[in-house]
Protein chains: 2
Amino acid sequence: MPKTGQRRRGSYAKGVAKREEILTAALEVIAREGYRGASVKELAAAVGLSQAGLLHYFDSKEELFTEILRKRDELDLAHFGTLDATSADIDEVRAGYLHVVRHNSEVPGVVELFSRLSVEAVDPQHPAHRFFVERGATLRTIFGDVVRRSQAAGRLTGAIDADTLARIVQAVADGLQLQWMLEPDVDMAGTVDALFRALTGEPAGEGLREEEDDD
Amino acid sequence: MPKTGQRRRGSYAKGVAKREEILTAALEVIAREGYRGASVKELAAAVGLSQAGLLHYFDSKEELFTEILRKRDELDLAHFGTLDATSADIDEVRAGYLHVVRHNSEVPGVVELFSRLSVEAVDPQHPAHRFFVERGATLRTIFGDVVRRSQAAGRLTGAIDADTLARIVQAVADGLQLQWMLEPDVDMAGTVDALFRALTGEPAGEGLREEEDDD
DNA sequence: GTCTATATGTTGATAGAC
DNA sequence: GTCTATCAACATATAGAC
């Protein structure tokens, strides 16, 4: 089988490129116009294809949506992932994470897609199941590692196990999304930051300065 | 219009009673057999009615499901609510909350229904929207009040605002449900309790003793 | 109050032409 | 690779008989 970057049988390379292009476009549409019941047909129209044309690139609706979220993570990682997960300190991880959370506040449709698929992927047979399991594990590994290092350095309370804390941070982020979707006034980033503040024993009202967002 | 408990035109009282009976039965079915795509037709069969027969008591599927969750809360409150929210101390609230979380671990179908509807109710037009908004507000009020009292009494870190902390506790519970549905090995109660432990500055490994569950 | 039957609407998926 | 056309599968909601 031809590998990425290879030229033989250009149709394959072209197919992959087009796939990525579709995913990026779909993500932009959802980010800009929200997730309004997003059927395959609607998404297809939004990216300039017919329903059948779009499904030519994906086995099913579920796979399509899963890949959109994968692409989302890929793009987010361009920010969050500029740090080296094995050596980054808590402030870097915290800042990167807050950046992502703030960005999410600007793309409700993407957050809704994520939340919907999260629940549907509960079924082990669901095409997105593995994606969510692995995504969570990766996220918690990054958090867990930095928490461990911070605890060792005395910067973070040792009252709670590192892996448990990592799990809690993930839960807070996901749970806050639900609250925020229900009531958009909820300040996701502020709340997450307050948690970090409390955990690092930082004086109240301090917080991390807001960065500029970049879309 | 006849009020509850009145006898004239018994059909009304009977209708209400039957409604409650249906909701209780439906909840039991979901608790016992899980939420497997639960269509109105399936639920109807499970409670011994035809689809149309069941919808005779509810305006729509969405209303039916909302009422099932309302009934769930009503029953949970029989445990969680034995305490007086305006005077209960943190240990009581903590114990009651943990009890509910542990109970949830035994009824995955109910948790799935809750999570699904949570996301769908994001739309302000959805029949369950108000339910979830009010439910969250009530929950956070209870938590916020007890946190405030505990902070005043010096039992809880003052590093974080009481209302923010209440929101975080709610978010953790909801977020953990997602993790647990995806991977049933996740220990929801243990994780929630670890959070309480850290917040109250309790020595690690302490925790609240597990109670017997009662179904 | 409950059932049978059906109207109605969607959607995802596929076959086949171009 | 892309479109048109069509399918099959459901599910909810409603009408009307009993």
Side-chain angles (χ1 to χ4, degrees), chain A residues 2 7-26 29-30 35-69 112-113 116-117 119-121 123 125-128, chain B residues 1-2 7-26 29-30 35-68 112-113 116-117 119-121 123 125-128:
Chain A
R7 220 181 328 168
R8 69 183 274 228
R9 292 194 59 226
S11 58
Y12 180 76
K14 175 149 188 257
V16 170
K18 178 81 178 187
R19 232 178 101 112
E20 299 302 308
E21 188 187 314
I22 289 173
L23 292 175
T24 304
V29 169
I30 294 173
Y35 175 101
R36 312 172 312 285
S39 64
V40 174
K41 191 173 179 179
E42 282 173 318
L43 258 187
V47 303
L49 280 177
S50 70
Q51 188 239 24
L54 176 52
L55 279 189
H56 174 71
Y57 292 95
F58 302 90
D59 290 342
S60 68
K61 172 197 182 171
E62 288 157 336
E63 200 219 308
L64 166 62
F65 281 161
T66 307
E67 293 307 311
I68 292 176
L69 286 182
E112 186 173 345
L113 170 59
R116 276 182 181 274
L117 216 55
V119 180
E120 272 154 28
D123 175 2
Q125 302 306 314
H126 192 286
Chain B
M1 303 189 183
R7 221 183 325 169
R8 68 182 275 229
R9 292 192 61 224
S11 58
Y12 180 76
K14 174 145 187 258
V16 170
K18 178 81 177 187
R19 234 178 99 111
E20 299 303 308
E21 190 189 311
I22 289 172
L23 293 175
T24 305
V29 170
I30 294 173
Y35 174 102
R36 313 173 311 287
S39 64
V40 174
K41 191 173 180 180
E42 283 172 318
L43 258 187
V47 303
L49 281 176
S50 71
Q51 188 240 25
L54 177 51
L55 278 189
H56 173 71
Y57 293 94
F58 302 91
D59 290 343
S60 68
K61 171 196 182 169
E62 288 156 338
E63 199 220 310
L64 166 62
F65 282 160
T66 307
E67 294 306 313
I68 292 176
E112 185 173 345
L113 170 59
R116 275 181 184 274
L117 216 55
V119 180
E120 271 153 30
D123 174 2
Q125 303 305 314
H126 192 286

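Order of the sequence lines sets the chain letters (A, B, ...), proteins ahead of strands, with each chain counted from 1.
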Chemist: Mind checking what makes salt bridge (charged side-chain N to carboxylate O under 4.0 Å, His left out) contact with A:E42, not counting sequence neighbours?
Modeler: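 For A:E42 there are no salt bridge (charged side-chain N to carboxylate O under 4.0 Å, His left out) partners, ignoring immediate neighbours.
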Chemist: Taking all heavy atoms of B:L55 and all of B:K61, pick out the closest pair and write down the distance.
Modeler: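 The answer is CD2-N, 4.2 Å.
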Chemist: Find the distance between CZ (B:F58) and CG (B:L23) and round it off to the nearest 0.5 Å.
Modeler: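 Result: 4.0 Å between the selected atoms.
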Chemist: Distance check, rounded to the nearest 0.5 Å: B:L43 atom CG versus B:Y35 atom OH?
Modeler: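 These two atoms lie 9.0 Å from each other.
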Chemist: From NZ of A:K61 over to C1' of C:dT14, roughly how many Å is that when rounded to an integer?
Modeler: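 The distance from NZ of A:K61 to C1' of C:dT14 comes to 18 Å, rounded to the nearest Å.
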Chemist: I need the A:I22 CD1 to A:L54 CG distance, nearest 0.5 Å.
Modeler: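 So the CD1 of A:I22 and the CG of A:L54 are separated by 5.5 Å.
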Chemist: Grab the CZ-C1' distance between B:F65 and D:dA13 for me, whole Å please.
Modeler: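 B:F65 atom CZ is separated from D:dA13 atom C1' by 15 Å.
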Chemist: Starting from P on D:dT4, measure out to CG on A:L54 and report it in whole angstrom.
Modeler: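 Whole-Å distance recorded here is 14 Å.
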Chemist: Give a yes or no answer on whether the side chain of A:R19 reaches the backbone of A:Y57 with a donor-acceptor pair at less than 3.5 Å.
Modeler: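 Confirmed, A:R19 side chain pairs with A:Y57 backbone.
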Chemist: Rounding to a whole Å, what distance do you find between A:L55:CG and D:dC3:P?
Modeler: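 That distance rounds to 12 Å.
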Chemist: For DNA chain C, which residues of residues 40-53 of chain A approach it to below 4.0 angstrom with any heavy atom?
Modeler: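 Result for residues 40-53 of chain A: A:V40, A:Q51, A:A52, sorted by number.
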Chemist: Just how far, in rounded Å, is C1' of D:dT12 from CZ of B:F58?
Modeler: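 So the CZ-C1' distance, B:F58 to D:dT12, works out to 16 Å.
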Chemist: Using whole Å, what does the distance between atom P of nucleotide C:dA13 and atom OH of A:Y57 come to?
Modeler: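 Result: 17 Å.
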Chemist: Rounding to an integer number of Å, can you tell me how far B:E120 CD sits from D:dT12 C1'?
Modeler: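 Distance, rounded to whole Å: 14 Å.
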Chemist: Strictly below 4.0 Å: does B:H56 bring a side-chain N or O up to OP1 or OP2 of C:dG1?
Modeler: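 Yes, within the criterion.
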